[in-house]
Amino acid sequence: MPRLDSGYHELSENVRVHVLDAPQPGPTVLVQAGIHGDEVAGVHALEELLEARLRPRAGRLLVVPVMNPAAYRARQRACPPEGDWAGLDLNRQFPGDASAPERERRLARRFMDLVLDEQPALVCTLHESHKRYHPEVRPSFGQTLVYGVEPMPAVVGRVVDRLNGRWTDEAERWAPQHYPVATSSTEVIVEALGCVGICVETWMGFPLPTRVAMQRDVVRLLLDDFGVLPIDEPLSPRRDRASGASS
Ligand SMILES: [Zn+2]
């Protein structure tokens with residue numbers, strides 16, 4: 001399959017991919033959210049960035065704001081079983097199967113084909129976690145930038161440092177985390193392409209506006225680091241600052 005034209009397309013019924021091309025050449029970056037339907041902050045962050053007319057200045061940006069719409073509507077990790085939705089965890093179905101009876105496995109294959117066609121330099125998936133990250137508690141993810149293949153991509157360290165210059169309360173701190181998951185989208189794609197793969201995880205203990213602001217910041221810092229969209233205006237205002245971090 002050739003690369004997609006600018007505009008938006010459907011990967012599957014109601015699963016949209018926005019293709020944004022810059023006037024200058026540069027790397028392709030793919031950002032995806034909503035593969036787990038109860039992890040909503042990344043979905044909101046990407047929809048807000050699209051509504052704010054986020055546009056790359058170099059290269060190409062692909063955005064899939066809601067990878068699993070039925071799970072997102074149900075606010076559940078996986079879609080409730082119905083029709084050819086089998087209630088499978090979509091992020092454990094990679095690389096998928098185009099002729100599978102379950103829609104999750106077909107959708108995983110469709111996403112995999114998109115990635116193979118587009119050859120992104122970065123694949124970033126936005127997630128959330130019920131547990132605040134602690135290095136001795138595994139699994140615990142919020143908030144970390146997770147990579148599955150060693151060595152740690154240098155961009156992970158740079159973006160964590162920049163986030164921690166901005167989100168400075170102890171509960172807000174970010175950390176890198178190595179956590180391989182063999183059948184996850186990120187892992188399988190990194191193995192197939194040799195690209196950088198990052199899962200962004202925010203902690204659900206924060207109010208939703210805080211998590212959305214964090215997810216927006218991470219996406220913008222990654223786009224800046226890859227040279228796709230340099231940051232030349234302030235990141236999200238800190239009016240969203242956490243007030244009930246333990247609630
Ligand atoms: Zn998730």
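Order of listing sets the numbers, starting from 1, for every ligand and every atom in it. Keep in mind it's a predicted model, so treat the numbers as computed, not measured.
Checked for salt-bridge contact, Glu172 and Arg166 miss the test: no charged N lies under 4.0 Å from a carboxylate O.
The shortest heavy-atom contact between Ala22 and Ala58 is CB-N, 3.2 Å.
For the residue pair Ser129/His127, the side-chain donor-acceptor check at 3.5 Å is not satisfied. Glu118 and Thr28 form no side-chain donor-acceptor contact under 3.5 Å, judged by distance and modelled atom types alone.
Counting heavy atoms of neighbouring residues, nucleotides and ligands inside a 6.0 Å radius, atom CZ of Arg75 exceeds 12 of them.
Apart from Tyr133 itself, the hydrophobic cluster it occupies contains nothing, where clustering links Ile, Leu, Val, Met, Phe, Trp and Tyr at side-chain heavy-atom distances under 4.5 Å.
Protein N/O/S atoms closer than 2.8 Å to the Zn ion (ligand 1), listed by chain and residue number, are His36 ND1, Glu39 OE1, Glu39 OE2, His127 ND1.
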